[in-house]
2 protein chains.
Amino acid sequence: VDPSAQRPATADPAPLAELIAELAPQLGNRGLLTAPVDVEPYLVDHRRLYRGRTLLVAAPATTAEVQAVVQACAARGIPIVPHGGNTSYCGGATPTESGVEVVLATTRLRQVRAVDPANNSITVEAGCRLADVQDAAAANGRLFPLSLGSEGSCTIGGNLSTNAGGTAVLRYGMMRELVLGLEVVLPDGRVLDQLRGLRKDNTGYDVKQLFIGAEGTLGVITAACLKLFPAPAGHATAWVGLASAADAVTLLGVLQSALGDALTTYELVPTIALDLVLEHVPDTTAPLSSNHPMHALVEVTLSALDSDLPARLEQALGAAHERGLVGDAVVASSLAQREALWKLRETIPEAQTREGASLKHDVAVPTSDVPAFIDAGRAIVERSIPGARLVAYGHLGDGNLHFNVSPPKLGAGPGNARDFLAHGPALKRELHDLVAQFRGSFSAEHGIGRLKVGELERYEDPVALDVMRRIKRALDPQGLMNPGKVLDDGR
Amino acid sequence: VDPSAQRPATADPAPLAELIAELAPQLGNRGLLTAPVDVEPYLVDHRRLYRGRTLLVAAPATTAEVQAVVQACAARGIPIVPHGGNTSYCGGATPTESGVEVVLATTRLRQVRAVDPANNSITVEAGCRLADVQDAAAANGRLFPLSLGSEGSCTIGGNLSTNAGGTAVLRYGMMRELVLGLEVVLPDGRVLDQLRGLRKDNTGYDVKQLFIGAEGTLGVITAACLKLFPAPAGHATAWVGLASAADAVTLLGVLQSALGDALTTYELVPTIALDLVLEHVPDTTAPLSSNHPMHALVEVTLSALDSDLPARLEQALGAAHERGLVGDAVVASSLAQREALWKLRETIPEAQTREGASLKHDVAVPTSDVPAFIDAGRAIVERSIPGARLVAYGHLGDGNLHFNVSPPKLGAGPGNARDFLAHGPALKRELHDLVAQFRGSFSAEHGIGRLKVGELERYEDPVALDVMRRIKRALDPQGLMNPGKVLDDGR
């Protein structure tokens with residue numbers, strides 16, 4: 001972080017005064033924030049990697065107000081940083097240190113415009129929090145399946161702009177697959193109205209796809225029509241002890257064949273992750289009486305007439321046990337037991353934090369390659385940092401691992417956190433090079449933001465990068481939308 | 001069709017000789033077709049709406065050969081028409097009458113490059129027929145779910161370029177949702193390599209989305225990595241008698257809640273369609289002993305442990321019958337009975353053809369709006385052509401109807417087929433205007449091609465059209481890829 005950026009925003013007053021004069025009649029006081037205390041929350045990202053400055057925070061409450069802000073900025077060549085729930089892991093919604101940008105906060109765009117249960121769709125504005133959309137769906141007997149750790153604060157606009165993943169991707173896909181229609185304010189202030197609730201529509205290029213995962217660099221998403229699903233009638237959840245990651249991949253295929261799309265969760269948990277949880281997190285107990293090198297958390301989702309699905313899950317696991325594929329397994333017999341099993345998975349990040357600083361990587365490879373990738377990655381970790389401990393866990397069903405590294409046990413390696421963390425950049429380089437060898441992804445869920453711009457330049461196909469730049473120039477010729485994010489624009 | 005276009009291709013010999021001299025060493029005789037008898041099949045579309053001319057048919061057998069063809073053409077400003085299985089309903093793969101274009105046939109790009117059952121993915125070249133991909137999946141215990149009437153001749157490249165739909169969209173989505181990765185030769189001859197088999201990858205703009213549904217106007221898709229699913233263990237199929245389309249929509253919601261994603265087919269069949277089938281198609285019998293204004297063909301797909309799913313389907317239909325939602329229903333008790341039920345749905349087009357010429361529309365609206373749309377559309381049909389009969393049937397689960405009109409019964413309206421068909425353009429205009437009022441789609445499955453370029457200009461949001469043109473210019477600045485298709489380029 002540039003120390004000069006620690007100063008409060010000191011914008012050139014001329015464009016600021018002009019902007020405010022133009023926008024105040026339409027946006028009012030609530031829509032234009034300039035006082036340092038009001039602006040402060042928009043300057044620092046969730047992980048505190050960046051501190052930026054800004055000319056002004058605009059908080060439009062309607063699509064027309066978003067247009068007004070974008071048009072006023074475009075006319076003056078002022079860059080815009082779209083900003084939702086501020087939960088980016090990569091600094092994607094934080095202004096740069098320049099102080100010349102306007103932050104466009106979407107949090108007042110929070111209407112649920114329509115719920116259509118018979119069409120299984122919901123139309124919401126970009127500033128709706130994910131949890132609000134889940135609740136609106138549930139109030140209509142429907143499920144909006146996207147589910148993330150930050151669902152209480154992240155917004156739909158951010159979920160769309162980062163093509164969010166989460167814990168239900170195995171069955172329901174990423175955010176992109178949940179979108180029926182979009183409304184977007186383009187960099188020149190025009191509204192692109194593709195807010196349709198259709199499941200089939202082959203009329204020309206599907207231009208809405210461009211804005212999903214573009215992290216606000218091509219326009220401001222203001223509303224979306226999203227897919228809903230019937231509300232589940234319940235769940236059956238199992239914890240499975242396995243000999244290896246390879247057996248976990250095999251069991252995944254067995255369960256998909258046996259149970260079809262009812263299988264909604266398949267998470268990989270190595271023994272080291274379970275041990276850290278049991279050591280550091282209160283009120284946790286080992287789910288199985290025996291020890292196993294690898295574990296899977298498995299969940300099936302029940303539709304209304306699926307009362308025998310838990311029995312079928314037990315039957316499938318029992319058959320896998322008999323053929324030696326499964327070491328041991330338990331199916332939760334109560335809601336409390338289900339929550340206890342999920343807690344063992346969900347508190348891994350917390351347990352790893354309590355064990356000390358860690359080096360984190362968000363990678364994906366083809367599911368079939370996960371075992372070989374873990375072996376090759378472990379060899380790199382152990383060679384690079386003697387005594388360091390690989391904690392590779394996560395969404396095996398999607399080929400997505402949190403490939404995290406905890407420091408050596410006391411006395412077994414680099415003596416302090418700073419020495420350990422100093423290995424980070426070199427290790428990341430080696431691991432991401434390995435990901436590239438596997439034709440994998442160095443950012444499976446979290447996007448590029450500002451943090452991974454250099455990684456994208458290094459690892460992406462140069463032809464694909466050129467296509468991305470052509471699209472950027474075609475839609476944002478002035479380069480005003482979220483500059484310095486996703487693509488290296490020389491700033 | 002322009003009568004001058006009926007002449008055989010008479011190309012300017014200079015660029016042709018140059019092209020052949022450049023490409024012959026690499027593509028050989030099999031890869032360069034110029035004899036009229038060899039070229040003829042590429043000049044006329046499946047529905048015989050268009051007859052074009054061409055300089056040359058190039059049939060490259062590898063991605064490198066595709067590059068060579070595209071580079072040679074780009075250097076000389078020669079337009080290219082990508083051509084797969086020639087099953088377009090909209091003339092999307094047929095050259096224009098100009099005779100200056102090269103047809104690039106993908107049918108020799110037909111390798112299955114890899115099948116990865118543990119990753120549930122298959123990597124195939126663009127010229128593979130859809131049925132070949134289904135077979136390769138089945139040989140590995142997997143399902144490739146895209147299924148169309150033309151699956152024996154259409155190619156994967158065409159399915160991708162038109163974002164194909166078909167009979168399994170309710171559960172598995174359109175072709176776009178089945179794509180993990182793409183390889184594309186860009187209009188300048190470079191290869192865009194996005195042939196990854198990842199389910200999560202948020203590294204920059206998802207540029208492969210641009211080429212899906214672009215009908216070859218932005219580049220030539222040469223290969224794709226596609227999603228597979230566990231092979232189904234079987235099916236349970238029902239025919240349901242209903243009082244109305246509104247009840248059919250209600251029952252769809254009931255069955256989705258009861259059976260979840262096991263519900264893979266939900267087709268609407270009005271009595272007039274069933275009656276036409278029973279009258280014209282041999283070996284068909286009424287599925288129910290009672291008469292109903294509306295019918296639904298319902299199918300659930302079984303995974304390995306789902307032996308009681310047919311019983312659950314019967315249970316759900318029985319409960320719906322008790323509350324008065326379902327008039328009558330039968331669940332197929334044998335494979336032969338299942339085939340008999342499907343035949344009643346699949347032979348509707350054939351039965352309608354035997355009843356006389358018909359006026360066809362491929363529309364989609366939100367599923368919840370289908371009943372109101374049918375009522376409003378029927379009023380237009382009956383006012384426009386006295387005695388004409390609406391046969392609106394199809395994929396209710398996707399909101400997609402084949403909104404077809406059969407001529408009046410003998411003596412009840414316009415006396416001959418020509419008089420009847422003369423009403424076509426005015427009726428299409430009124431019905432597509434109605435679709436627009438419902439925020440629907442005038443081309444749900446079949447794309448734009450050449451046939452619907454005018455409709456896209458008329459009905460699409462002008463801002464969206466502008467974005468499409470910007471993308472076209474950004475990727476194909478010379479305008480050489482499939483000119484005159486999708487976007488009106490003034491030719």
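Predicted, not measured: the structure shown is a model, and the values here were computed from it. Within every chain, numbering begins at 1; the chains are lettered A, B, ... in the order of the sequence lines, protein sequences first and strands thereafter.
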Could you go through residues 250-257 of chain A and list every donor-acceptor pair under 3.5 Å that involves a side-chain atom there, pairing it with any protein atom two or more places apart or in another chain?
| from | atom 1 | to | atom 2 | distance (Å) |
| --- | --- | --- | --- | --- |
| T250(A) | OG1 | A246(A) | O | 3.1 |
| Q256(A) | OE1 | N120(B) | ND2 | 3.0 |
| S257(A) | OG | G253(A) | O | 3.3 |

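A donor and an acceptor atom, one from each side chain of Y172(A) and T264(A), are nowhere located under 3.5 Å apart. Defined by atom type and a distance below 3.5 Å, a donor-acceptor pair is missing between the side-chain atoms of S368(B) and N119(A).
Heavy-atom distances place no part of D362(A) under 4.5 Å from chain B, backbone and side chain included. In this structure, the portions of L192(A) lying under 4.5 Å from any heavy atom of chain B include both its backbone and its side chain. Heavy atoms closer than 4.5 Å to chain B are found in the side chain of L456(A), but not in its backbone. Contact annotation for L309(A): neither backbone nor side-chain heavy atoms come within less than 4.5 Å of a heavy atom of chain B. Only the side chain of M174(A) comes within less than 4.5 Å of a heavy atom in chain B; its backbone stays farther off. Looking at A231(A), there are no atoms closer than 4.5 Å to chain B (heavy atoms on both sides), in backbone or side chain. Only the side chain of R176(A) comes within less than 4.5 Å of a heavy atom of chain B; its backbone N, CA, C and O stay farther away. Using a 4.5 Å cut-off between heavy atoms, R473(B) makes no contact with chain A at all. For T162(A), the part lying near chain B is the backbone, with the side chain staying farther off; criterion is any non-hydrogen pair under 4.5 Å. Neither the backbone nor the side chain of D369(A) comes within contact range of chain B, judged by heavy atoms closer than 4.5 Å.
Note on G165(B), S303(B), P230(B): by heavy-atom pairs under 4.5 Å with chain A, the leading option is S303(B). Highest contact tally toward chain B, considering only L465(A), D116(A), V249(A), is held by D116(A) [criterion: heavy-atom pairs under 4.5 Å]. Of all the listed residues (I212(A), T217(A), T301(A)), the one sharing the greatest number of non-hydrogen pairs under 4.5 Å with chain B is T217(A). Contact count against chain A (heavy-atom pairs under 4.5 Å) is highest for L305(B) among L305(B), L218(B), T367(B). Annotation: maximal heavy-atom pairing with chain A below 4.5 Å, among A474(B), A444(B), S441(B), occurs at A444(B). Taking chain B as the reference chain and counting heavy-atom pairs below 4.5 Å, the highest number among L259(A), V486(A), L487(A), V363(A) is found for L259(A). Taking chain B as the reference chain and counting heavy-atom pairs below 4.5 Å, the highest number among L195(A), V207(A), L180(A), L198(A) is found for L198(A). Chain B forms the most heavy-atom pairs under 4.5 Å with one residue out of P462(A), P366(A), A258(A), S443(A), and that residue is A258(A). Between chain B and the residues H395(A), R142(A), E177(A), E445(A), the largest count of heavy-atom pairs under 4.5 Å involves E445(A).
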Exercise for review: Could you walk me through whether D201(A) and R439(B) pass salt bridge (Lys or Arg N to Asp or Glu O under 4.0 Å), step by step?
Suggested key: CA-CA 11 Å; D201(A) 181 22; R439(B) 304 216 61 168; over 6 Å; no
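One finds the CG atom of L182(B) at 8.0 Å from the CD atom of Q209(B) (value rounded to the nearest 0.5 Å). R469(B) CZ to I471(B) CD1: the interatomic distance, rounded to the nearest 0.5 Å, is 12.0 Å. Taking NE2 of H235(B) as the start and CG of L313(B) as the end, the distance is 12.5 Å to the nearest 0.5 Å.
Taking the side chain as every heavy atom from C-beta outward, V191(A) and V463(B) never approach each other to under 4.5 Å. Between F211(A) and L186(A), the closest side-chain pair of non-hydrogen atoms falls below 4.5 Å.
Residue Y459(A) qualifies as enclosed at atom OH: its count of foreign heavy atoms under 6.0 Å is above 12.
Looking only at distances, no side-chain donor or acceptor of Y205(B) sits under 3.5 Å from a matching main-chain atom of A464(A).
Summarising the geometry of T203(B) relative to I448(A), their closest heavy-atom pair is CA-CD1, 3.7 Å, with the distance given to 0.1 Å.
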